[in-house]
Amino acid sequence: MNYSKEIDKKWQDYWKEIKLFNVDVKDKSKPKYYCLVMFPYPSSELHVGHARNYIIGDAVARYKIMRGYKVLSPMRWDAFGLPAENQAIKHNIHPKKWTFNNINRIKEQLNSWGTGYDWDKEVNSCLPEYYKWTQWIFLKLYSRGLAYKKEAPVNWCPRCLTVLANEQVIGGKCERCSSEVEQKKLKQWFFRITDYAERLLKDLDLLEDWPERVKIMQKNWIGRSEGVEIYFPLKGAQLRINCFTTRVDTIFGATFLALSWDHPLIEVLVQNNPKREEIVNFIEKIKNQPYSIRLLDNFEKEGIFTGKFAINPMTNKEIPIWIANYILSEYGTGAIMCVPAHDRRDFDFAKKYGLPIVEVIRAPQKKEEAPLEEVYEGEGVLVNSGEFSGLNSQEAKEKIADFMEKNDIGKRKVNYKLRDWLISRQRYWGTPIPIVYCDKCGEVPVPEEQLPVLLPEKVEFLPTGQSPLTYVEEFIKTRCPRCGGSALRETDTMDTFVDSSWYYLRYISPKEEKSPFVSEDVNYWLPVDQYIGGVEHAILHLMYARFINKFFYDLGLINFKEPFRRLFTQGMIVKDGAKMSKSKGNVVSPDYIIDTYGADTMRLYILFIGPPQKDAEWHDEGLLGCSRFIARVLRLLDLLSQYKKNNVDKDNPHQKLLLRKMHHTIKEVTQDLEGNFQFNTAISRIMELVNHIYKSLDTGQISKELFRQAIDTVFLLLAPFTPHISEEANKILGNSGSIFHRNWPSYDPKYLEQEEVEIAILIDGKLRAHLKIDTQWSEKKVVEEALSLEKVKNYLKGAPPKKTFYIKNKVLNLVTNG
RNA sequence: GCCGAGGUGGCGGAAUUGGCAGACGCGCCGGUCUCAAAAACCGGUGGAGGUAACUCUAUGCGGGUUCGACUCCCGCCCUCGGCACCA
């Protein structure tokens with residue numbers, strides 16, 4: 001039999017016809033399995049790197065179907081977003097049209113690969129029936145105080161002319177266009193994800209089947225640290241400056257304070273200050289420093305003395321207050337106590353400006369006073385610390401914190417690096433934020449029954465820094481839902497990550513009109529059993545989705561705390577050592593592969609290319625190998641049809657060997673799939689089995705029935721990887737119906753037993769000979785037989801081994817020396 | 001700087017409660033078929049030495065534990081990914 005494109009088409013139509021992937025969510029006749037792949041962002045057609053994601057997902061779905069699960073494998077489009085709008089500006093095509101063109105193209109591609117989805121559950125985030133519910137979520141968050149607007153310094157991309165979330169700033173540059181990100185103060189909408197920081201951190205422990213590295217990345221991103229907020233009284237005023245520190249044990253060495261340029265107290269500090277002008281100029285200067293220079297290794301620390309002093313509440317000494325460019329205003333209190341002896345940054349600063357350096361922590365082994373050119377950042381024993389001297393850092397942290405809380409000079413506190421999620425975008429192609437501004441009533445949420453706030457279709461696409469919606473009168477002019485007076489709509493739209501933070505719930509009931517989803521069904525089908533996608537979503541998407549899921553949990557709409565039970569992150573496919581991209585011209589398009597070799601060849605190669613969680617280099621020649629293998633497997637069918645041999649003795653060793661290989665392969669392939677999706681090794685084991693079948697046939701001692709069984713097993717095992725040829729073969733072998741409605745093969749341990757094996761004979765750890773043994777032999781017998789080997793005798797030269805080590809049925813080591 | 005993953009033939013990669021390193025595939029070499037070539041099929045293929053049986057050597061580097069180490073321990077080097085003045 002030859003593999004052809006017609007075979008692909010035939011079986012793709014067949015699966016549609018028998019509704020292999022269509023799921024009735026109410027059907028509970030079989031255990032459920034929710035297999036989810038990360039949706040495509042429809043910005044261009046897909047290349048083989050994308051294909052990996054969907055082919056892995058499809059292989060898993062098909063395998064689970066064969067294991068008897070009701071498998072839900074849906075597909076959707078993350079259709080809002082900047083690229084569509086940028087195309088609109090560049091090529092004068094409406095984002096909607098552009099997006100739908102891409103969707104149609106991608107759909108075609110997905111179908112041509114034989115990846116199966118329940119298309120009845122298709123979801124599209126740019127359609128009102130979906131974004132209505134995204135807006136609904138916003139309102140729910142708003143009503144609980146979890147969506148709010150505030151003026152905040154934001155990351156501004158001068159090219160995209162929009163605000164970026166912290167997570168979208170990569171190394172000081174825009175994630176999308178790599179422009180230098182600027183700092184700007186704007187009124188923006190936020191989601192209060194920080195309220196969930198502790199739970200987002202703690203519940204990572206519930207996610208046993210997530211890759212450790214992803215959990216660690218999330219942990220670092222949340223960045224929890226425990227410490228103390230210390231109150232430093234301002235000299236000569238009834239004010240205080242609060243500073244957060246994780247090293248309260250170093251408090252006696254705090255010799256100055258440093259504030260960020262926008263610390264609220266600076267206004268007070270510069271009042272009637274003779275240095276006022278100088279300070280204001282300095283602030284103006286660091287305020288305008290671009291974001292990225294902070295990331296440079298040689299970032300120059302600069303500061304200015306305010307002329308004012310605070311009191312160190314432990315030493316009661318006056319310490320100068322400085323303003324410095326290395327203090328983050330967004331973290332802690334925007335002010336820090338500086339301990340130059342034990343912090344590299346404070347040390348550099350103190351050296352530059354001649355500030356006092358006092359050693360208060362001494363490394364445990366050290367006896368003498370440290371020379372002041374050295375910073376010791378570790379923990380140790382306290383010195384120069386009053387009654388706390390002599391304690392080690394750990395004890396001192398507790399005792400000093402206790403002391404501070406008792407005397408009201410400080411309080412234990414937990415801080416997080418996680419910031420609130422900035423969701424405003426000054427862009428058109430996104431979900432409108434359902435808020436109205438009324439002259440009388442102020443900020444008013446759009447009532448639920450008035451949703452959706454429709455995104456107008458006719459707009460001008462000019463990147464002005466304002467949302468194009470600003471210029472659409474019919475859109476912005478509206479009535480206040482509260483007083484009926486004239487009002488204006490919010491013109492910002494939501495970050496597309498909001499759209500994608502809840503789609504996995506919508507799939508269950510995509511057409512539901514009264515609610516975002518049906519709780520009863522969602523509670524049955526979720527959490528997602530297997531989520532598959534790129535590691536680039538380790539932080540953003542997965543954090544946001546977990547947050548929104550927890551919010552729904554709090555609303556009582558769902559009964560599970562985490563949305564994704566198991567996560568698999570697949571590696572990238574690279575070409576010529578680089579990520580595939582149009583600009584580099586190294587994109588491998590699946591279309592020609594499908595045309596030349598057929599879908600199963602591409603699928604097989606993508607799964608065989610390497611461990612799926614690791615990056616892999618694409619080589620066209622690899623396809624040839626897979627194509628050869630498929631031809632080789634199919635040739636077995638031709639051989640079978642002409643095969644005559646029967647009446648072979650049941651105990652024929654070649655028969656037994658083939659049976660053993662078959663069952664062994666079933667066992668191993670199953671293990672590979674049940675473990676961490678080791679498709680590459682699973683496939684190589686099937687290749688071994690096929691090689692073994694050919695060798696067995698050469699002996700002429702295999703019965704037709706066993707031959708048939710062996711081929712049948714091969715195709716059952718291959719079905720998740722190469723579904724088209726497997727269906728075809730299944731039919732040729734005389735089985736009725738779809739191969740996916742058959743059971744995954746199971747192995748019988750009795751066939752795995754061996755009567756005879758070859759073991760290695762080692763002399764002093766070096767491989768010297770092999771020996772065929774009966775598996776029933778005792779160790780003594782094995783040693784005897786080994787010693788009688790000519791080769792072994794030559795090595796031992798008559799001297800018996802001093803010790804022997806026997807690993808049953810594997811290795812015998814004969815030791816002659818000490 | 002901190003955190004994480006990794007380093008095995010010409011290449012992608014196998015092998016883990018420590019037990020025959022290099023499965024499977026690519027590439028390369030040889031053969032069969034052919035007027036010839038391609039395809040296909042069969043065989044070989046870590047390196048060095050030897051006509052050969054065989055010997056030595058080999059999993060980033062250096063030590064250690066062990067009868068035995070790709071695997072465990074100590075100390076380095078390199079590559080990739082994440083975070084990065086988080087007080």
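As the structure is a prediction and not an experimental result, all values here were calculated from the model. Chain letters run A, B, ... following the sequence lines, proteins first, then strands; residues in each count from 1.
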Within the 4.0 Å heavy-atom criterion, would you say A:I686 contacts the bases, only the backbone, or no part of the nucleic acid? nothing
With a cut-off of less than 4.0 Å, is there a side-chain N or O of A:Y326 near OP1 or OP2 of B:A87? no
Residues in side-chain hydrogen bond (donor to acceptor under 3.5 Å, both in side chains) with A:W618, at least two apart? A:D620
Under 4.0 Å between a side-chain nitrogen and a carboxylate oxygen: does that hold for A:K352 and A:E302? no
Check the phosphate of B:U55 against A:K766, side-chain N and O only, distance under 4.0 Å to OP1 or OP2. Yes or no? no
To the nearest 0.5 Å, tell me how far A:I266 CD1 sits from A:I323 CD1. 4.0 Å
Any idea which of B:G82, B:A87, B:U55 is nearest the A:Y795 side chain? B:U55
Identify which nucleotide among B:G4, B:C67, B:A14 has an atom closest to any side-chain atom of A:K803, counting heavy atoms from C-beta outward. B:C67
Salt bridge between A:E779 and A:K808, side-chain N to carboxylate O under 4.0 Å? no
Using a heavy-atom cut-off of 4.0 Å across all strands, would you classify A:D615 as base, sugar-phosphate, or nothing? sugar-phosphate
Inspect the contact between A:E785 and A:K780 and indicate whether a charged nitrogen and a carboxylate oxygen are less than 4.0 angstrom apart. no
Using the closest heavy atom to pick a nucleotide of RNA chain B for each, name whichever of A:G610 or A:A760 lands nearer the 5' end. A:G610
Just checking A:N680: base, sugar-phosphate only, or nothing, at a heavy-atom cut-off of under 4.0 Å? sugar-phosphate
Output a table of nitrogen or oxygen pairs between the protein and nucleotides 37-43 of chain B separated by less than 3.5 Å.
from  : atom 1 : to     : atom 2 : distance (Å)
B:A40 : OP1    : A:R628 : NE     : 3.3
B:C41 : OP1    : A:R635 : NH2    : 3.2
B:C42 : OP1    : A:R632 : NH1    : 3.3

Report the residue (A:I609 or A:M337) whose heavy-atom-nearest nucleotide on RNA chain B is the more 5′ of the two. A:I609
Does A:N415 reach a base, just sugar-phosphate, or nothing at all? Heavy atoms under 4.0 Å. nothing
If the cut-off is 4.0 Å, is A:S225 near the phosphate of B:A87, judged by side-chain N/O to OP1 or OP2? yes
Mate of B:U32 where both pairing distances stay under 3.5 Å, Watson-Crick or G-U: B:A40
